[in-house]
Amino acid sequence: MSVKKICCIGAGYVGGPTCSVIAKECPHIRVTIVDINADRIAAWNSNELPIYEPELEDIVMSCRGKNLFFSTEVEKEIIEADLIFISVNTPTKTYGVGKGRAADLKYVEACARTIAAVSKSDKIVVEKSTVPVKAAASIQRILGANMNLDIKFQVLSNPEFLAEGTAIQNLLHPDRVLIGGEESKAGKKAIETLSEVYSNWVPKEKIITTNTWSSELSKLAANAFLAQRISSINAMSAVCEATGADVEEVANAIGMDTRIGNKFLKASVGFGGSCFQKDVLNLVYLCESLNLPKVAQYWQQVIEINNYQRKRFASGIINCLFNTVSGKKITLFGFAFKKDTGDTRESSAIYISKYLLDEGAKLAIYDPKVSRRQIISDLSHPTISTPEKVAELVTSVTDPYEACKDSHAIAVCTEWDMFKDLDYKRIFDCMLKPAFIFDGRGILPHEELNSIGFHVEAIGKTVSKGSAFMVQSNGNNILSPTSRVLP
Ligand code: NAI
């Protein structure tokens, strides 16, 4: 069987870019991306796409209306497709058993039930969403129990490894494509069929096949290892601040060891994004369910260190600003969870804002790709702050210079390249003195800023003399006995 029609359920950060690239590389395949969110589909069909990713717009514009379509007609497109990707969200459960840790599979299950209910021909169903191990078995069971007549479904696991901000390049030149399936004859045939789609542009040796459970677990394992690496360097950054070592020098020295490698060794305000925390928590829950409490605790620490790093950064700001930020204007540079995306899900900037708002700071937030509406909505979430407080204390500003006017401090929360090239003399002149910069991403020219007159603080190193930034985990600041760590 060769694939002629693909339906992708879920027009989000994964479904949209992934299937747009498939459409680009496979002009002979008709690809339709469906979603129950009509606004999102309308945006995909407009000139202003619902997500920002470098190069995405060009690809969508060149294929849309030819072999790439966006639609809300979920059932119709399922009926017509030979192969269906399930790319819906699998958020952390907010209720019931496993609340706060397990992945919520209700959207995946809803897709499986719709596919079972409306299908009139054999289909390959591909689980692209990140799911706990054995989710494919549940999908297969639902399909099997509800199928009409003698329709056959094969369920494959094909996790997505793209990173937001570089999604298109990751999809065009993947490190690997992983396909897991049943070891039966029909399972192997389905794996072969999906491999054929990818082999239109991915070298054969990069398409690897495994059993379904290895494939599902590999996605959780990959994100757990990546998140762990960030927490490891961030933990080391606290040691650097307490000792006078420089985390960049340490990262460089250890990264030259080929066994360690030099990627993902940048100390920061902590990881964000919709996946790392969710997937590590999912792994923790899985380990607990499998009666592996020590393994669960091990991975839980990756999350603990991330939370600790965010708090440490906010505490450092408060300590430096003479132990109070109440009524003080602080400028946040960046709100997205990383550069080159407008995605703010689980962004460290949200938590840093929360800690500063709890202390009464006034925030002026600038991000080149995040809308005011998004910032206000994220900060008004009941776990962060109240709409009244946000209305009183938060402004979202569309000009970085304007954002800094009469500000006590700038906190860099996202590593946007444009922050490196601003006119910091002009910024310094319009700020209150002493003017502080807290570089939470290690991207600014610290020496230059120092010579302009800024007091500069950066994670994992000492830049300006008389730093009050260093905070020990026991709540004591090394240099200032009056300072504290946020609860
Ligand atoms: P998203 O939230 O951006 O998109 C999911 C879409 O699915 C939403 O637009 C929603 O309306 C739609 N949806 C939900 N139920 C539906 C249904 N029954 N029928 C039709 N549409 C439905 O999520 P995102 O970021 O695209 O993630 C999707 C999955 O991919 C998740 O499991 C995630 O963990 C995984 N993943 C995400 C990556 C990322 O960078 N965002 C990277 C790799 C994997």
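Every number for a ligand or one of its atoms is a count from 1 in the order of the listing. From a predicted model like this one, the values you see are computed outputs, not experimental measurements.
Residue-ligand proximity, Tyr107 to ligand 1, at heavy-atom distances under 4.0 Å covers atoms 15 (N). Taking every non-hydrogen atom of Leu162 and a distance limit under 4.0 Å, the qualifying atoms of ligand 1 come out as 40 (O), 42 (C). For ligand 1, the atoms sitting less than 4.0 Å from at least one non-hydrogen atom of Asn37 are 11 (O), numbered in the order shown with element in parentheses. The Ser87 neighbourhood of ligand 1 comprises atoms 5 (C), 28 (C), with distances under 4.0 Å to a heavy atom of that residue. Residue contact check: Ser274 has heavy atoms under 4.0 Å from atoms 41 (N) of ligand 1.
Side-chain contact check for Asp82 versus Ile124: every heavy-atom pair is 4.5 Å or farther apart. Residues Thr130 and Lys278 have side chains in contact (heavy-atom distance under 4.5 Å, counting atoms from C-beta outward). With contacts defined as side-chain heavy-atom distances shorter than 4.5 Å, the pair Thr90/Leu105 qualifies.
Protein heavy atom nearest atom 23 (O) of ligand 1, with residue, atom name and distance: Arg345 NH1, 3.7 Å. Shortest contact from atom 24 (P) of ligand 1 to any protein heavy atom: Tyr13 N, 3.9 Å. Ranking the protein heavy atoms by distance from atom 37 (C) of ligand 1 puts Val14 CG2, 3.1 Å first. From the protein, the heavy atom lying nearest to atom 19 (N) of ligand 1 is Ile9 CG2, 3.5 Å. Remark: minimum distance from atom 32 (O) of ligand 1 to any protein heavy atom is reached at Thr90 OG1, 2.6 Å. Remark: minimum distance from atom 11 (O) of ligand 1 to any protein heavy atom is reached at Asp35 OD1, 2.6 Å. Among all non-hydrogen protein atoms, the one lying nearest atom 21 (N) of ligand 1 is Ile36 N, 3.4 Å. In terms of protein heavy-atom proximity, atom 13 (N) of ligand 1 is nearest to Val88 CG1, 3.6 Å.
Ion pairing between Glu160 and Lys128 holds under the 4.0 Å rule for side-chain N and carboxylate O. Using a 4.0 Å cut-off between charged nitrogen and carboxylate oxygen, Lys106 and Glu109 do not count as a salt-bridge pair.
Of the listed residues (Val34, Thr32, Asp35), just one forms a side chain to side chain contact (heavy atoms under 4.5 Å, CB included) with Val74, and that residue is Val34.
In this pair, Tyr52 and Trp416 present their aromatic rings tilted. The plane angle is within the 30 to 60° band. A perpendicular orientation is assigned to the rings of Phe333 and Tyr366, their planes being inclined by more than 60° (bins at 30° and 60°).
Between Pro132 and Ala103, the shortest heavy-atom contact is CD-CB, 4.2 Å. Heavy atoms only, all atoms of each residue included: Thr72 and Ala38 are closest at CG2-CA, 3.8 Å.
Compare Glu127, Glu53, Lys128, Glu160 by their heavy atoms: the one nearest to atom 43 (C) of ligand 1 is in Glu160. In this comparison of Glu75, Lys219, Lys278, Glu164, the heavy atom closest to atom 41 (N) of ligand 1 sits on Glu164.
Contacts with ligand 1 closer than 4.0 Å are made by heavy atoms of both the backbone and the side chain of Ser129.
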